[in-house]
Student: 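Below you will find the structure I want to go over with you.
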Amino acid sequence: MYKSFYNLRLNPFEITPDPSFLFSTARHNEALASLYYGVRARKGFVVLTGEVGTGKTMLVRCVLELLRRTGVAFAYVFNPSLSALEFIRYIAGDFGLSVAGKAKDELVLSLSAFLVDRQQRKLSTLHVVDEAHHLSPELLEEVRLLTNLETTQQKLLQIVLAGQPELDQMLDSFELRQIKQRIALRCHLEPLNLEETRGYIQRRLQIAGGPPDVMIFSEAAANAIFRHSNGFPRLINTICENALLSGYARRAAVIPAEVVDEVAHDLRLGVIITRGEKKNGASTAVKEQEKDELLRAVKTLMELHDYLQEMKSTETRETTDVPRRPY
């Protein structure tokens, strides 16, 4: 709707992880180099972490695109909520191996033979687990066992785990110390700062066909985008997409800060309710209800007490007023 109005060829702020829109910061370049080097040098285990919306999947897709050109075969698991058998079957199937009707031991043997064959041809093989913070302890143990596929010189299978900071907490646990000791490289993505956010917005607009000398978002609008997104690329995309729609509706050649503020308000970006707050809210409601019931019970008891006292006083008066019979 807004592309022709703003002279754009593409939608610049799609939230899908398109590697062509990669905006490289120093941290992103370091993570990209670590992932690429870890696989090419056959280091075995590499871990990438970052908060929600920092661009982990985008970075992984970029690495895979680079590695594909060098002949690296990879299996990419994006939903690790699987059983152990499903997990192994998924990996083998993604490598193009036959999995129909095979038991787990057969799948592992087929996978091992596949990896040995590739190693003999001096080819690297990669297994990527995205959203790895959802891995169960059982699956993490399966991942560890896959690293046992090795020769005396090098690992046959390179593994990249990408996930939220909870993944770091899992790997730091005592139960998973065997996996932690095998990690060769770890990298972490941070949100963008204000200057990077401005560059991110402008680069996306330019890749989408926007004139390099035209500022579609005012400086105040860019500052507002950073303030509402806290530098998380996914939120930046969502805010900018909605702001472009609002700007188009208003026929605004340059989007002002108030449009961004309205979009952020409509998206409820400032509203975050944690589980604890929900629980506390429910507890507060229950406590208020219990308090009301207690007050009603106390009131009833007081009324009953007053009634009994009144009955007692009446009986006393009646007894006092009755004349005694002479004997």
Student: Scan for ring pair (Phe, Tyr, Trp, His ring centres under 6.0 Å) pairs involving residues 64-118, sequence neighbours excluded, and state none if there are none.
Tutor: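 Every ring pair (Phe, Tyr, Trp, His ring centres under 6.0 Å) pair that includes a residue of residues 64-118, provided the two are not neighbours, is F87-H127, F95-F114.
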Student: Mind checking salt bridge (charged side-chain N to carboxylate O under 4.0 Å, His left out) for D266 and listing every partner two or more places apart, or none if nothing turns up?
Tutor: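 With sequence neighbours excluded, D266 shows a salt bridge (charged side-chain N to carboxylate O under 4.0 Å, His left out) to no residue whatsoever.
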Student: Show the numbers, then the answer: is there a side chain to side chain contact (heavy atoms under 4.5 Å, CB included) between I239 and F13?
Tutor: CA-CA 9 Å; I239 294 171; F13 297 106; over 6 Å; no
Student: Can you name the nearest heavy-atom pair linking A84 to E138, along with the distance?
Tutor: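 So the minimum-distance heavy-atom pair works out to CB-OE2, 3.7 Å.
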Student: Only counting residues at least two apart or in another chain, list the ones meeting salt bridge (charged side-chain N to carboxylate O under 4.0 Å, His left out) with E258.
Tutor: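 Per chain and number, E258 pairs via salt bridge (charged side-chain N to carboxylate O under 4.0 Å, His left out) with no residue.
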Student: Would the number of heavy atoms belonging to other residues, nucleotides or ligands and lying under 6.0 Å from CD of E30 be above 12?
Tutor: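 For E30, atom CD is not crowded (no more than 12 foreign heavy atoms under 6.0 Å).
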Student: Taking side-chain hydrogen bond (donor to acceptor under 3.5 Å, both in side chains) as the definition, give me every residue that meets it alongside N7, ordered by chain and number, with sequence neighbours left out.
Tutor: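 So N7 forms no side-chain hydrogen bond (donor to acceptor under 3.5 Å, both in side chains) with any residue.
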Student: What are the two closest heavy atoms between H28 and T54, and how far apart are they?
Tutor: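 Looking at all heavy atoms of both residues, the shortest contact is NE2-O, 3.5 Å.
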Student: What about F23 and L244, same hydrophobic cluster or not, with Ile/Leu/Val/Met/Phe/Trp/Tyr joined at side-chain heavy-atom distances under 4.5 Å?
Tutor: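 They do share one cluster, since a chain of ILVMFWY contacts under 4.5 Å joins F23 to L244.
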Student: Do any N or O atoms from the side chain of Q158 and from the backbone of G44 form a donor-acceptor pair under 3.5 angstrom?
Tutor: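 Here the side-chain-to-backbone pair exists.
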Student: Please report the shortest heavy-atom distance between L185 and I183, naming the atom on each side.
Tutor: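 Distance-wise, the nearest heavy atoms are O-CG2, 3.4 Å.
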Student: Among side-chain atoms of D18 and S20, is any donor-acceptor pair under 3.5 angstrom?
Tutor: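 A donor-acceptor contact under 3.5 Å links the two side chains.
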Student: Hey, could you give me the OG/CG distance between S24 and N29, rounded to the nearest 0.5 Å?
Tutor: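 So the gap between those two atoms works out to 4.5 Å.
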Student: To the closest 0.5 Å, what do you measure between CG (L267) and OG (S229)?
Tutor: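 Interatomic distance, L267 CG to S229 OG, rounded to 0.5 Å: 11.5 Å.
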Student: Should T49 and H133 count as side-chain neighbours, where that means a heavy-atom distance under 4.5 Å?
Tutor: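 No - every pair of side-chain heavy atoms lies 4.5 Å or more apart.
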Student: Could you check if a side-chain atom of D172 sits within less than 4.5 angstrom of a side-chain atom of K180, using non-hydrogen atoms only?
Tutor: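 The answer is yes, as the side chains (C-beta and beyond) meet within the 4.5 Å cut-off.
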Student: Do F21 and Y200 belong to the same hydrophobic cluster, where Ile, Leu, Val, Met, Phe, Trp and Tyr are linked whenever their side-chain heavy atoms lie under 4.5 Å apart, directly or via other members?
Tutor: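 Hydrophobic grouping puts F21 apart from Y200.
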Student: Taking atom CD1 of I88 and atom CD of E142, what is their separation to the nearest 0.5 Å?
Tutor: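 Spacing of CD1 (I88) from CD (E142) equals 5.0 Å.
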Student: Does the side chain of V108 reach to within under 4.5 Å of the side chain of L145, using non-hydrogen atoms?
Tutor: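 With C-beta onward as the side chain, the pair stays apart.
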Student: Restricting to non-hydrogen atoms, name the atom on L167 and the atom on A162 that form the minimum distance, rounded to 0.1 Å.
Tutor: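 That closest heavy-atom pairing would be CD2-C, 4.2 Å.
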Student: Any side-chain heavy atom of F45 within less than 4.5 Å of one from K155?
Tutor: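 Heavy-atom side-chain distance check fails, nothing below 4.5 Å.
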Student: Apply side chain to side chain contact (heavy atoms under 4.5 Å, CB included) to Q164 and E131, showing your working.
Tutor: CA-CA 7 Å; Q164 296 173 20; E131 303 291 330; 4.2 Å; yes
Student: Who are the side-chain hydrogen bond (donor to acceptor under 3.5 Å, both in side chains) partners of Q178, not counting sequence neighbours?
Tutor: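 With sequence neighbours excluded, Q178 shows a side-chain hydrogen bond (donor to acceptor under 3.5 Å, both in side chains) to R144, given in chain and number order.
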Student: Flag yes if L64 and I91 sit in one hydrophobic cluster, no otherwise; membership is Ile, Leu, Val, Met, Phe, Trp, Tyr, and two members link when side-chain heavy atoms are under 4.5 Å apart.
Tutor: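 Yes; tracing contacts between hydrophobic side chains, which count when under 4.5 Å, links both residues.
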Student: Side chains of P191 and N230: closer than 4.5 Å at any heavy-atom pair?
Tutor: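 The answer is no, as the side chains (C-beta and beyond) never meet within the 4.5 Å cut-off.
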Student: Considering residues at least two apart in sequence or located in another chain, which fulfil the salt bridge (charged side-chain N to carboxylate O under 4.0 Å, His left out) criterion with R251?
Tutor: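 Partners of R251 under the salt bridge (charged side-chain N to carboxylate O under 4.0 Å, His left out) test: none.
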Student: Do you know the tightest heavy-atom contact between L48 and A31?
Tutor: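 Scanning both residues completely, I find the closest heavy atoms to be CD1-CB, 4.2 Å.
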Student: Do S246 and E262 come close enough that some side-chain heavy atom pair is under 4.5 Å?
Tutor: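 Side-chain contact under 4.5 Å: no.
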Student: Would you check if V160 and V63 make a side-chain contact, meaning some heavy-atom pair closer than 4.5 Å?
Tutor: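 With C-beta onward as the side chain, the pair stays apart.
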Student: Should P256 and V259 count as side-chain neighbours, where that means a heavy-atom distance under 4.5 Å?
Tutor: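 Answer yes - side chains close enough.
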Student: At what distance, to the nearest 0.5 angstrom, does OG of S136 lie from NE2 of H134?
Tutor: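 The OG atom of S136 sits 12.0 Å away from the NE2 atom of H134.
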Student: Sort and list the pairs that fulfil salt bridge (Lys or Arg N to Asp or Glu O under 4.0 Å) and have at least one residue in residues 69-80, not counting sequence neighbours.
Tutor: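 For residues 69-80, and leaving out neighbouring residues, there are no salt bridge (Lys or Arg N to Asp or Glu O under 4.0 Å) pairs at all.
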Student: Before you tell me yes or no, could you show the steps for N237 and R204 under side chain to side chain contact (heavy atoms under 4.5 Å, CB included), namely the whole-Å CA-CA distance, both residues' side-chain angles and the distance that decides it to 0.1 Å?
Tutor: CA-CA 9 Å; N237 288 356; R204 284 219 162 215; 3.8 Å; yes
Student: Got a salt bridge between R198 and E195, using NZ or NE/NH1/NH2 to carboxylate O under 4.0 Å?
Tutor: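 Salt bridge present between R198 and E195.
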Student: Do any N or O atoms from the side chain of T238 and from the backbone of R234 form a donor-acceptor pair under 3.5 angstrom?
Tutor: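 Yes, because the side chain of T238 sits within donor-acceptor range (under 3.5 Å) of the backbone of R234.
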Student: Nearest 0.5 Å, what's the OG-CG distance between S81 and L135?
Tutor: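 The OG atom of S81 sits 8.5 Å away from the CG atom of L135.
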Student: Does I15, at its CD1 atom, have more than 12 non-hydrogen atoms belonging to other residues, nucleotides or ligands within less than 6.0 Å?
Tutor: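 No, because the 6.0 Å sphere around CD1 of I15 holds 12 heavy atoms or fewer from other groups.
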Student: Which pairs count as ring pair (Phe, Tyr, Trp, His ring centres under 6.0 Å) when at least one residue sits in residues 229-257, sequence neighbours excluded?
Tutor: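 Found F5-Y248.
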Student: Could you state the interatomic distance from CZ (R89) to NZ (K104), rounded to the nearest 0.5 Å?
Tutor: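 Interatomic distance, R89 CZ to K104 NZ, rounded to 0.5 Å: 11.5 Å.
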Student: Can you get from I201 to L22 by hopping between Ile, Leu, Val, Met, Phe, Trp and Tyr side chains that sit under 4.5 Å apart?
Tutor: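 Result: no, two separate clusters.
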Student: In the single-linkage hydrophobic clustering (I, L, V, M, F, W, Y; side-chain heavy atoms under 4.5 Å), do L192 and M58 co-cluster?
Tutor: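 No: no chain of side-chain contacts under 4.5 Å links L192 to M58.
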Student: Check side-chain hydrogen bond (donor to acceptor under 3.5 Å, both in side chains) between R227 and all other residues, then give those that pass, not counting sequence neighbours.
Tutor: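 Partners of R227 under the side-chain hydrogen bond (donor to acceptor under 3.5 Å, both in side chains) test: D261.
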Student: Apply the test side chain to side chain contact (heavy atoms under 4.5 Å, CB included) to residues L107 and L85: give CA-CA distance (whole Å), side-chain angles for both, the deciding distance (0.1 Å), then the verdict.
Tutor: CA-CA 9 Å; L107 292 170; L85 177 58; 3.9 Å; yes
Student: Got a donor-acceptor contact below 3.5 angstrom from the R27 side chain to the L189 backbone?
Tutor: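 Flag not set: sc R27 to bb L189 has no pair under 3.5 Å.
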Student: Which pairs count as salt bridge (Lys or Arg N to Asp or Glu O under 4.0 Å) when at least one residue sits in residues 37-48, sequence neighbours excluded?
Tutor: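 Pairs touching residues 37-48 that pass the test: none.
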Student: Is D130 salt-bridged to K56, cutoff N-O under 4.0 Å?
Tutor: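 No, no charged N to carboxylate O under 4.0 Å.
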Student: What pair of heavy atoms forms the shortest contact from H188 to P165, and how long is it?
Tutor: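 Looks like CE1-CG, 4.4 Å.
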Student: Show which residues join L194 in its hydrophobic cluster (side-chain heavy-atom contacts under 4.5 Å, direct or indirect), or state none.
Tutor: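 Joined to L194, directly or through intermediates: F226.
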Student: Of all residues at least two apart in sequence or in a different chain, which pass the salt bridge (charged side-chain N to carboxylate O under 4.0 Å, His left out) check with E86?
Tutor: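 Counting only residues at least two positions away or on another chain, E86 forms no salt bridge (charged side-chain N to carboxylate O under 4.0 Å, His left out).
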